[in-house]
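The structure appears below as structure tokens.
Letters go in sequence order (proteins before strands), and every chain restarts at 1.
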Amino acid sequence: MENKQHHSPAYRALLQAGPRLKPLQQVHAHLIVSGSGRIRSLLTKLLSLACAVSITYTRRLFFAIPIPDSFLFNTVVVKTSKLGFSIDSLLFYRRMILSDIAPSNYTLTAVIKSCADLSALKLGRVIHGHVLSSGYDLDLHVQAALVSFYAKAGDLGVARKIFDKMPERTVVAWNSIISAYEQNGFAKEAIGLFYLMRDSGVQPDSATCVIVLAACAQLGDIGLGRWVHEYVAGQDFDVNVVQLGTSLINMYARCGHVGKAREVFDSMRESNVVAWTAMISGYGMHGSGTQAVELFYQMRAHGLWPNKITFVAVLSACAHAGLVHEGRLVFASMKQEYGLVPGVEHHVCMVDMFGRAGLLKEAYQFIKEVIREKPSPAVWTAMLGACKMHKNFDLGVEVAEHLLSIEPENPGHYVMLSNIYALAGRMDRVEMVRNMMIRKSLKKEVGYSTVEVDQRTYLFSMGDKSNPETNEIYQYLDELMSRCREAGYVPESESVMHELEEEEREHALRYHSEKLAIAFGLLKTSDAVVIRIVKNLRMCEDCHSAIKFISIVANREIIVRDRLRFHDFKDGSCSCLDYW
DNA sequence: GTAGGGTTAG
């Protein structure tokens, strides 16, 4: 309040206009008429407000200024970067350099962020050069920006090196490096760094909580997730409560506790599309399509407008629950009622939905008729999944071969094609595909599973022997599997399950990470405890079938989250009804 | 007259 009184009338007029085009233009006109159109402080404020309104107006305004000074350049670079106009911010930066104006630490942090948003590794490295030559490499803001830039552009190693050299580690510095690991799929390492941060006496802030909750969600670490929830409740994070709430919803849903996620959702005093989408997607993952659709329709009554991601969440929920009719209606409403143009991701959902429901013709028709432009590989991949699920070998082989011709470097397609050949009994072809993969030296992602025992999360990977009780676990697993065989379990043939590496083949089937995690969970918990597993990849046919039998012989409920959804195994059957 | 880290899908 007291500051505002020192401002000139013209400045106050700008503040009053705020980030709105018409009022801003009026004030601008007035500035010119009254002769104060060249006062730098007014121009700067005008420019910073304009950035939030229209990038075209910003450009016009900026280029009308005869000789922009360093501060004006800073403002326009910083603001455009912050608002997500990354390319514009880089263009302004280039103009700044060409005008022989030295970038400041403010400019540099902004352009580094723009490069991060664009994942522009090469350009970012050039800017890093500017940082070094200008001496701003000692600036904390610049360093933190560089850490997250390298993480997002795909060079986690350099990100870590910069972090390690930081003389002072603020919360933001820690948040940058923790998020770097989380975003690159190293949730375990992210959590390890979080503990280091606390040991070094730095208090987590609300951003830390959001990042750590994402890591918990990735790993299924409900123990730490609950701890963060309690921590958040005890703090006074009054800003960004929606974002924190959304992170909690996501964490609980991905850790298998949809009910708890819903509790958080219902308790939120304010919410937005993102929070609703997170809840809808949580239902979808659990196969609760009806609740997902219901929530989607309720959004309107709350004055919220679904976005493209919301539609992906609803449609994929319909696909996983077999709600074909509802899915069709939702898809139609996307264009008609919400004016959104369906993208590849929505087409994938639709093909997936028809395919899972066994409507292969509809799926194929959808690709041919509804998708106008050339169907993307992702759409064909969904079609291929449907062919495999419903054992349509002829169409499956055709689709797989087409996919290989357009995406010859994607190992997933080879695995799928070879599995289809195997199901069709064409072993000669299986071998051929396998050899093609070896020739191209394509590798699959390494799989891992986690299991929670006594509030602690344990991680297993295929053939893993790092656990101190490895021998007991393997022995117990062998015992378990022989009891399953007595109960009627037949292992899938090795060729169906073929793995890429010889080393992996040795352990194939028998020691997939989810089986190890389940064996450990059964050994370590008492009879009534539900076993909860989180796997980073999709489950294979053999494990799916084996776990059904394990749920009988061990008389236990086992819940597995794979890359796509939850499987609730009870008394020999699974909640996904064998479609996943 | 201006900064760095953070939410929803596949």
Side-chain angles (χ1 to χ4, degrees), chain A residues 7 11 14-15 39-49 51 69-79 81-82 104-113 116 136 139-149 151-152 163 166 170-180 182-183 204-215 217 237 239-251 253-254 271-282 284-285 306-317 319 343-349 352 378-379 381-382 563-565:
Chain A
H7 290 314
Y11 188 80
L14 276 173
L15 282 183
I39 298 174
R40 292 281 141 155
S41 62
L42 292 177
L43 268 177
T44 313
K45 187 67 194 175
L46 175 61
L47 199 61
S48 88
L49 287 167
C51 292
D69 61 11
S70 165
F71 221 111
L72 274 166
F73 266 114
N74 276 340
T75 302
V76 81
V77 171
V78 166
K79 281 282 175 182
S81 158
K82 187 161 191 150
S104 73
N105 42 352
Y106 283 76
T107 338
L108 290 167
T109 48
V111 280
I112 293 165
K113 182 182 156 14
Y136 283 120
D139 183 284
L140 289 178
H141 292 257
V142 173
Q143 289 170 335
L146 280 171
V147 168
S148 73
F149 156 71
K152 284 191 183 125
F163 173 80
M166 288 178 80
T170 59
V171 204
V172 179
W174 280 105
N175 290 347
S176 308
I177 195 70
I178 296 172
S179 170
E182 191 277 323
Q183 284 175 349
D205 67 2
S206 69
T208 320
C209 293
V210 168
I211 301 162
V212 172
L213 284 170
F237 296 145
V239 280
N240 304 323
V241 277
V242 181
Q243 205 172 349
L244 270 168
T246 306
S247 303
L248 284 168
I249 292 171
N250 187 45
M251 182 277 292
R254 295 188 106 94
S271 67
N272 60 18
V273 206
V274 183
W276 281 67
T277 304
M279 192 64 239
I280 290 172
S281 136
M285 273 187 296
N307 63 24
K308 290 191 166 203
I309 300 175
T310 316
F311 277 97
V312 174
V314 191
L315 292 174
S316 94
V344 177
E345 57 275 42
H346 306 102
H347 293 147
V348 170
C349 290
D352 194 37
V379 170
T381 307
R563 174 167 275 190
L564 288 182
R565 59 165 294 155

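Atom CD1 in A:Ile309 sits about 8 Å away from atom P in B:dA9, given to the nearest Å. Taking atom CG of residue A:Leu49 and atom P of nucleotide B:dG1, one finds them 12 Å apart after rounding to whole Å. Taking atom CG of A:Leu146 as the reference point, atom C1' of B:dA3 lies 13 Å away to the nearest angstrom. Here B:dA9 presents its P atom at 17 Å from CH2 of A:Trp276, a figure rounded to the nearest Å. Spacing between atom CG of A:Leu47 and atom P of B:dG1 amounts to 15 Å, rounded to whole angstrom units. Separating the CD1 atom of A:Ile177 from the C1' atom of B:dG6 is a distance of 15 Å, rounded to the nearest angstrom. If you take CE of A:Met279 and P of B:dT7, they are 19 Å apart, rounded to a whole angstrom. For A:Asp139 and B:dA3, the CG to P distance is 14 Å, given to the nearest whole Å.
Contact annotation: A:Ser281 side-chain N/O to B:dA9 OP1/OP2 distance is under 4.0 Å. OP1 and OP2 of B:dT8 both lie 4.0 Å or more from every side-chain N or O belonging to A:Gln243. Contact annotation: A:Asn250 does not reach the phosphate of B:dT7 (side-chain N/O to OP1 or OP2, under 4.0 Å). Phosphate proximity of B:dG4 to A:Lys82: present, with a side-chain N or O under 4.0 Å from OP1 or OP2. OP1 or OP2 of B:dG10 lies within a sub-4.0 Å distance of a side-chain N or O belonging to A:Ser316. Between A:Ser179 and the phosphate of B:dG6, there is a side-chain N or O to OP1/OP2 separation shorter than 4.0 Å. The phosphate of B:dA9 (OP1 or OP2) has no side-chain N or O of A:Arg565 nearer than 4.0 angstrom. For the OP1/OP2 pair of B:dG10 and a distance below 4.0 Å, the side-chain nitrogens and oxygens of A:Lys308 include no atom meeting the criterion.
The side chain of A:Val274 lies closest to B:dT8 when the candidates are B:dG6, B:dA9, B:dT8. If you check B:dG4, B:dG6, B:dT2 against the side chain of A:Ala144, the one that comes closest is B:dG4. If you check B:dA3, B:dT8, B:dG1 against the side chain of A:Thr109, the one that comes closest is B:dA3. Taking every side-chain heavy atom of A:Val312 into account, B:dG10 is the closest of B:dG10, B:dG4, B:dT8. Picking from B:dG1, B:dG4, B:dT2 the nucleotide with the shortest atom distance to the side chain of A:Ala145 gives B:dG4. Each of B:dA3, B:dG10, B:dG4 was ranked by its minimum atom distance to the side chain of A:Asn105; first place goes to B:dA3. Taking only side-chain atoms of A:Val210, from C-beta outward, the nucleotide of B:dA3, B:dT8, B:dT7 with the closest atom is B:dT7. Among the nucleotides B:dG4, B:dT8, B:dA3, the one closest to the side chain of A:Leu140 is B:dG4.
Put simply, the side chain of A:Asp205 and the base of B:dG6 share no donor and acceptor less than 3.5 Å apart. For a distance-only test at 3.5 Å, the side chain of A:Thr44 qualifies as a donor-acceptor partner of the base of B:dG1. If you check distances only, the side chain of A:Ser247 never reaches the base of B:dT7 with a donor-acceptor pair under 3.5 Å. For a distance-only test at 3.5 Å, the side chain of A:Ser206 qualifies as a donor-acceptor partner of the base of B:dG6.
In this structure, the side chain of A:Ser148 engages the main chain of A:Ala145 through a donor-acceptor pair within 3.5 Å. Here the side chain of A:Asn105 pairs no donor or acceptor atom with the backbone of A:Leu108 at under 3.5 angstrom.
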Please output the side-chain donor-acceptor pairs of residues 242-249 of chain A that fall under 3.5 Å, not counting sequence neighbours, one pair per line with the distance.
unit_1: A:Thr246; atom_1: OG1; unit_2: A:Val242; atom_2: O; d: 2.7
unit_1: A:Ser247; atom_1: OG; unit_2: A:Gln243; atom_2: O; d: 3.0

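Backbone-only contact: A:Gln183 has heavy atoms under 4.0 Å from sugar-phosphate atoms and none from a base. Counting any heavy atom pair closer than 4.0 Å across all strands shown, A:Tyr11 reaches sugar-phosphate atoms only and no base atom. The residue A:Ser48 sits apart from the nucleic acid: no heavy atom pair falls under 4.0 Å. Using a 4.0 Å heavy-atom distance criterion, A:Ile249 is classed as making no nucleic acid contact. Looking at heavy-atom distances under 4.0 Å, A:Ile211 makes contact with sugar-phosphate atoms alone, never a base. Among the protein residues, A:Thr310 comes within range of no part of the nucleic acid, since none of its heavy atoms lies under 4.0 Å from any strand.
Within the model, atoms CG of A:Leu72 and CG of A:Leu43 stand 6.0 Å from one another, a figure rounded to the nearest 0.5 Å. Taken to the nearest 0.5 Å, the CZ atom of A:Phe71 stands 8.5 Å off from the OG atom of A:Ser104.
Here the shortest heavy-atom pairing between A:Phe237 and A:Cys209 reads CE1-SG, 4.0 Å. Listed here is the closest heavy atom pair of A:Leu564 and A:Met285: O-CG, 3.7 Å. Counting all heavy atoms, side chain and backbone alike, A:Lys45 lies closest to A:Leu14 at CB-CD1, 4.0 Å.
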